[in-house]
Structure formats: structure tokens, C-alpha cells
Amino acid sequence: MILPWPRQTIRRLTAPILRKTVLDKLLSMRKYLLLFSLIFISLVVKAQNDPYDDHPKLTVEDFTKHYTDDTIARAVVINEIGRAAIINTQDNGRELEYKFYTRIKILKSAGTDLATLKIYLRKSSSIDAEEISDISGSSFTLVNNDIKEVQLDPKSIFNTDESKVNNSASFSIPGIVAGSIIEYRYTTHSPFLFSFHSWVFQSDIPKVKSVFTAVIPGIYTFNISLGGSRKLDTQKAELEKSCLVFGNGGVADCSVLTWGMLDLPALHQESFVSAMSDFTPKIDFELVSYLVNSNYTKKVTSTWRDEDRYMQSEEFGLKRSIRFFKPLLDTLIKGQLSDSLKARRIYELLKQHYVWNDIYDSWADVSPKKLWTDRKGMSGELNLALVAALRAAGLNASPLLQSCRRSASPRKLFPVRTDFNNVLAVLDLNGHRYFLDITDKYMPFGFISPEFLSHEGRLFPDGDSSRWIPITPPQGNKNFIQYDLKMSADGSLKGEINEYKYGYDALEERKKRRNFSTQDDYLDAKTKTWKNSRIISYSVNGMDSTEENLHSKFQIEIRNFHADAGKRINFSPFLSPTFSYSLFQEAQRFYPIDFGKPYNETVVIQIQLPAGYKVVSQPVDLQIKLPNDGGFFIMSHDLQDDKYQLSYRFSFLKEVYSAAEYQVLKEFMAQIIKTKQKFMVLEKI
């Protein structure tokens, strides 16, 4: 399944507009100007005004102006401008210069935290490190119709060595109160030209204006992508002459590209969203190649065909791992086994042998022998080892690269290895496709961690071209709960509850129970499931098996009903606590509802009523269906003499629902909750 609103690729930008020197022309000017004009429709020589300088002096009206209708916003960005450019340094080298400026109105006292900044600076060594300069900032407050400014003291800027890969600069702008306007700016200088600065338009506070400009010399070719679903309000391409000196006297012109968005609402986290970064409007850059000299262009970004060749090569290491596992499996797995049993033996063997170190990664950094000896590794290392072992046994297994649910979806048009942070093993066996994962020792065969249910991944089959395929959860995930109870004249219930959990529901329940130190701790927490209850005894089957369903049996007493002096009993027959409140609290929805997997629950409640009572009121049968086979709630009841039975089935049949379906889902849940609030009334005959 393709995640709604995937990352939009804008274009591959080639900006090789070069000036001829004593050398021959490096590239055909006409050819690239034609490409450039086709991409951007028109190209003009850059004017003198720079968006980075677009911040007029504050006036009194700026403090009284209405900026946003968001009544809960703690602040609003009035203007935000960034500019990244590859430029020459004083020693005729090159660096990536990034300038940033912002102006923010503080609406509430909770927004004063925005005046405290920490800017992280990347480093790889003491020499290759980003630097920061030109930090300045002020707060402006309207006092008796006069604007009072408090400037940032340069002595209040603190530089910190954070780690092996980061330094930081931090500061706090003084004089902030609700109603103040703050502004600050800074410039960073980076030697990491391959990591061109990205830009995020939307954040957790509203923005009136957000503009970013990229200045790219003609010797560089970039892939540029726009993330999220929001459209740009402004987009402009201009030409800057003689912006960079390179090589032995070469001079390059630059593409000056500007993107802007206006009146951006605050980006709020919504429930059941896999990765908010998928829906955040932003600009990303990926360097494809750059011109080294007149005879050589250095390629940086690969194509999917390049990645296919790499994954099949000795350099990738999968073939070396297969050779490692072949003699090992001969000693560990003996006898004539079917392919199905062989696959399950290998899966269980490696799952129990290795321990995941809780680090997600899509590559293997150690040799197969060291990984086997250490018995601990990253997610990619473990699941690549599983692929190798399955292939060593002659099975059709392939690695699948993916990005986990909480991470941004990978770009599809071109490969970016850092977009992926996990590997799954895909096994095609007897006409079935299994997704396998050994990072969790309690994972059944054919299941993967819920965190890995990210809808789609890139499959690299042996001897074939890679392709995108859907990541589908296995079928059979469901809950079945059966109550067999007897009611006394005082309204109390006593009897047996059987809970059966299958698939992911069983997996999650096993994990939940293992978090309790003792069984008594678990039972104390479980009694809160049924109000005013007492668990008399408890047993469980399937707790130590990953392949079986989980069956829990409770002998229980529940005293949660109102009896009126032996004449009248009011009680709710809806004993199961599932969905006693709405999953959907937001008034409106902007992003898809992503459950990751379908949900199914069946509840059957049988109650033997006390002698001498009759039913005078009870819930009515109900059937609700979501459009397009999206799910259903079906409830029915039956009364035979003194035996009452209520049963209902509840299902979300889709993994993902669009934002347009939100109101229907919300009403669906509201009807279910309203039904579950109905009481049953018994009267003494």
C-alpha cells in the first residue's frame, strides 16, 4: 500500500551555466540553457534585491496587527528567511554558507521559550567542522506606544563541544514578555558541500511567511524534492553571473532558486500518524554530481540500477555471508526437511542466537563471522544475516530496504541510502510471501515488528531488478472474549472470562505481561479492566509460544451494578472495556489515519439472570457499516428464559483511512460509544 501524500519530487536541477575561460567550453551552453528553461519556464538575470534582506523595520502597527486565527497558538512567525549558497572562501576553496533570519510575535507566556536557541553544528574532526558567525538578536516590546528594544549581549552566546559529531551555539534573547516581538539572525559556514541545507516550512506554531533561497553554482547537479502535500505560494528561478571560481581559472554562474509559503497553520501531531515528517512541507537536496575539471564529472548519487549492481556485488557482503552460513547450517540443521520446515528452523535458530542492540540501520558494518561471535547487532545486520542463511539453504530470500513507521518515507525516484533505516527478510515459499524479522525473540514466523509496518519497501531479489512492493501485515489478528457469568439478586456477577488473542494482538499482550515483575502485579492492573472486580483465579496458555494463540482464563467477581432494595437491577451488559472512549478527539483531521494493521474483535457475553426477575429494558440490535468496506459494528442479543446473551463484532478492515474519511470514522465511533452506554433493567416479578 502506498502511503497517502508521498514525497513529491520537483525536479533534478542541473545548473551548469559556466563562463568560458582559456579552456574550451566545458559544456554546451545552449543545451543546458534549454534544459533549464524547460524546467523553470523562464530564467532571468538575478536582480539586486535578495529575499534574505526582506525584513523592514518594526512599527507600532506590527504589534497590533492580527496575524493568525489560531486561538491556542503561543506565538506566530511573522517572517522567516533562509539562504544557502556554495561560495568561495578567502583561500579560493569552497564552503556552504547558510544565513537565517526570523521575526516572531510572542502571543502567550508559553511562547517565551522560543527566545532560547541552541544551534547544532556538524563536525567530523577538529578541522572539518561547521562554524557560526554574525549572531545577533533583539526583543521589542510596546510600552506606552513606544517600541522598547533589548539586544542580545554577545557575551551571552555560549559555544559547546556537544559530542564527537556536534558542536553547538546557544543563546537566549532577553526582555521577553507576552506581546513582545523577537528577531534574530546568524550565519553558518560548512565544509560539507555534499549536505546542502534543507528547509522546513511548517512548524508547531503558525507562520505568516517562510521563504528559502538556494544559490547553486553550475558545476553542481542536485536532485531537489518538495515534501508534504502543500503547494508552494511562490517559486522563482534567476541567474547570478560569475558567482564561483573553480579549477584552474574556471568561472561558474549560479542558479538562484527561491521557494516560499504563506499563511501556514501550526503543524499539530495527530493520533495514528506514522511519520509527521511525511506531511511536513520542506525542501530537500541530494547532490547528484559535480564537475571536477574539464574532463571529469564526479558522480555522487546513484541510480536504482547502480544500487542493484551494488547489492549483487561482493562489496555489499551478502555473498560473503552466504558462504559463511553454508557450512554452519550443515552442522546445525540436519536431516531431510521440507523447505517450509527448513525456513522455520533457520528463522528460529537465528532469532534465538542474535540479540538486537536497539539500533535501526539498513546496512551491515561487521563481518558475518564477527556478528555470529558477538551475537549482537543492528536491525539491518541481523535481518541481512537471516537473508544470507535462508539463501545458503537454497531458499528464495531477498533483502527489503525500508524506513520505519516513525521515519520519513524514502524517496522513490532516486536512491538515497540515508532514507532507509531498516532491512526485512522477504521469503517467497510455496506461492506465499513472508516478511521476516528477528529483532524480537517473541516474534512469530511471518510477522514483523509493528514499527516496521510502513506500507512499502524496496525489494532486491537475487539476479533481478529491484522494485517497490507493499509491506502487508499477516492475516488473523483478532481478539475473542467470552463471558460466562451468573448474576445474583444483589446485582453482582460471578463466573468465567476467556480471552483469546491472535497474531499481533497476542504478540502485544505477551510483551505487556512481561513488563510486570510478578503475576500479582499483572492481576492488580487487570482488575481495573472491570470496575469493582476481584479476580479469584487465573491461568494462561500460549504465553511461552510465539506460534500459538494466547488464551487467558479468569475466574472473577464483579460488583459494579445498582440494585434497588431487591426490586430493580440496573446494569450495563457491555463488560468489555474496548473502545469505551472515542479514538478520535480532534474536531477536524488533516492527515490520514494510519493504524498499520486491521483490527478485529468479537465479544460474547452470556449472563444467567437471577430467578424472579424480568427484563424491562435492554439494548436493541444494531448494525453500522463504514463506506467502501472500511469496517463494521454488528450487535445482537438473545433472551431465553433466564439466560441472556449479548454479542458484537467490531472491525477496522483497512490499514489506512484518508483524512476525508475522518468525520465518518468519528461518527462511527460515537454511535458505538453511545450504544455501549445503554443499560439493561431488571425488575422483580
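Owing to the predicted nature of the structure, the values given are computational and were not obtained by experimental measurement.
Going from atom OG of Ser172 over to atom CG of Leu117 covers 8.0 Å, rounded to the nearest 0.5 Å. Annotation: the span from Leu401 atom CG to Ser362 atom OG amounts to 5.0 Å, rounded to 0.5 Å. Note that the CG atom of Asn166 and the CG atom of Leu121 stand 8.0 Å from one another [nearest 0.5 Å]. Annotation: the span from Thr439 atom OG1 to Trp356 atom CH2 amounts to 5.0 Å, rounded to 0.5 Å. To the nearest 0.5 Å, atom NZ of residue Lys123 and atom CD of residue Glu131 are 12.5 Å apart. The structure places CZ of Phe194 at 12.5 Å from CG of Leu96, a figure rounded to the nearest 0.5 Å.
Inter-residue side-chain proximity for Asp419 and Ser403 is flagged as unmet; no heavy-atom pair is nearer than 4.5 Å. Looking at heavy atoms from C-beta onward, Leu257 lies in side-chain contact with Trp259 at the 4.5 angstrom threshold. Side-chain contact check for Tyr591 versus Met276: some heavy-atom pair is nearer than 4.5 Å. For the pair Phe171/Ser156, no side-chain contact is recorded, criterion being any heavy-atom separation below 4.5 Å from C-beta on. Proximity of Leu226 to Leu232: side-chain heavy atoms (C-beta onward) are separated by under 4.5 Å at one or more points. Taking 4.5 Å as the limit, some side-chain heavy atom of Lys241 sits within range of a side-chain heavy atom of Leu239. For the pair Tyr98 and Trp199, the minimum side-chain heavy-atom distance is below 4.5 Å. Using a 4.5 Å cut-off on side-chain heavy atoms (C-beta onward), Tyr290 and Thr297 make no contact.
The two residues Gly596 and Pro473 come nearest to each other via the heavy atoms O-CG, 4.0 Å. Residue Ala169 comes nearest to Asn159 through the heavy atom pair CB-OD1, 3.6 Å, listed as atom of the first residue, atom of the second, then distance. Annotation for Tyr220 and Leu244: closest pair CE1-CD2, 4.5 Å, computed over non-hydrogen atoms. When every heavy atom of Thr71 is checked against every heavy atom of Lys108, the shortest pair comes out as O-NZ, 2.8 Å. Pairing each heavy atom of Gly457 with each of Leu400, the nearest pair is CA-CD2, 3.8 Å. When every heavy atom of Ile219 is checked against every heavy atom of Ala252, the shortest pair comes out as CG2-CB, 4.3 Å.
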Show your reasoning for whether salt bridge (charged side-chain N to carboxylate O under 4.0 Å, His left out) applies to Asp204 and Arg74.
CA-CA 9 Å; Asp204 62 343; Arg74 71 188 196 278; 3.3 Å; yes
Can you list the steps and then say if Val215 with Arg83 is a side chain to side chain contact (heavy atoms under 4.5 Å, CB included)?
CA-CA 8 Å; Val215 182; Arg83 184 180 188 274; 3.5 Å; yes
List the steps and the verdict of side chain to side chain contact (heavy atoms under 4.5 Å, CB included) for Leu665 and Ile593.
CA-CA 10 Å; Leu665 284 171; Ile593 301 94; 4.0 Å; yes
Does the salt bridge (charged side-chain N to carboxylate O under 4.0 Å, His left out) test come out yes or no for Asp233 and Lys209, once each step is laid out?
CA-CA 10 Å; Asp233 291 300; Lys209 183 179 180 181; over 6 Å; no
As a quick check of understanding, evaluate ring pair (Phe, Tyr, Trp, His ring centres under 6.0 Å) for Tyr657 and Tyr662, giving each step before the final call.
CA-CA 8 Å; Tyr657 297 81; Tyr662 176 69; over 10 Å; no
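A distance-only check finds no donor-acceptor pair linking the side chain of Glu667 to the backbone of Val664 [under 3.5 Å]. Using modelled atom types, no side-chain atom of Arg230 and backbone atom of Pro281 make a donor-acceptor pair closer than 3.5 Å. In this structure, Gln202 contributes its side chain and Pro265 its backbone to a donor-acceptor pair below 3.5 Å. A donor-acceptor contact shorter than 3.5 Å is absent between the side chain of Thr89 and the backbone of Glu95. Counting only distance, with no hydrogens or angles, the side chain of Arg458 and the backbone of Pro415 share no donor-acceptor pair below 3.5 Å. Glu451 contributes a side-chain N or O that, together with a main-chain N or O of Arg406, makes up a donor-acceptor pair within less than 3.5 Å. Side chain of Thr112 to main chain of Ile176: no donor-acceptor pair is present (N/O by atom type, distance under 3.5 Å, no hydrogens or angles). Although no hydrogens or angles enter the test, the distance criterion places no donor-acceptor pair under 3.5 Å between the side chain of Asn88 and the main chain of Arg94. For Tyr67 (side chain) and Lys207 (main-chain N/O), no donor-acceptor pair under 3.5 Å exists by modelled atom type. Under the 3.5 Å distance criterion, the side-chain polar atoms of Gln663 are matched with a main-chain donor or acceptor of Ala587.
Remark: the Thr141 side chain and the Ser180 side chain contain an N/O donor-acceptor pair separated by less than 3.5 Å. Using a 3.5 Å distance cut-off with no hydrogens or angles, the side chains of Glu61 and Thr59 do pair a donor with an acceptor. Using modelled atom types and a 3.5 Å distance limit, the side chains of Glu97 and His189 yield no donor-acceptor pair. Side-chain contact, Ser138 with Gln151: no donor N or O sits under 3.5 Å from an acceptor N or O. For the residue pair Glu183 / Tyr101, a side-chain donor-acceptor distance below 3.5 Å is found, with atom types taken as modelled. A donor atom on one side chain and an acceptor atom on the other are found under 3.5 Å apart for Gln402 and Asn422. Under 3.5 Å, the side chains of Thr102 and Arg185 contain no donor-acceptor pair of N or O atoms. A donor-acceptor contact under 3.5 angstrom links the side chains of Asp437 and Asn383, judged on distance only. Inspection of the Ser302 and Glu307 side chains reveals an N or O donor paired with an N or O acceptor under 3.5 Å.
Using the six-membered ring where Trp is involved, Phe212 and His197 have ring planes that are tilted, between 30° and 60° apart. In this structure, Phe584 and Phe652 have perpendicular ring planes: the angle between them is above 60°, well past the 30° mark.
With a 6.0 Å radius and a threshold of 12 heavy atoms from other residues, nucleotides or ligands, Asn144 has its CG atom at or below the threshold.
Annotation: salt bridge (Lys or Arg N to Asp or Glu O under 4.0 Å) contacts of Arg305 (sequence neighbours excluded): none. Listed by chain and number, the residues in a side chain to side chain contact (heavy atoms under 4.5 Å, CB included) with Ser271 are Glu586, Arg589 (sequence neighbours excluded). Contacts of Asp69 classified as side chain to side chain contact (heavy atoms under 4.5 Å, CB included), with partners at least two apart in sequence or in another chain: His66. Residues meeting the ring-ring contact (aromatic ring centres under 6.0 Å, His included) test with Phe63, sequence neighbours left out: none. In this structure, the salt bridge (Lys or Arg N to Asp or Glu O under 4.0 Å) partners of Asp306, at least two apart in sequence or on a different chain, are Lys299, Arg309. In terms of the side chain to side chain contact (heavy atoms under 4.5 Å, CB included) criterion, residue partners of Asp70 (sequence neighbours excluded) are, by chain and number, Thr68, Ile72, Ala73, Pro206, Ala266, His268.
Seen from the ring of Phe192, Arg122 counts as a face-on cation partner, given the 6.0 Å and 45° thresholds.
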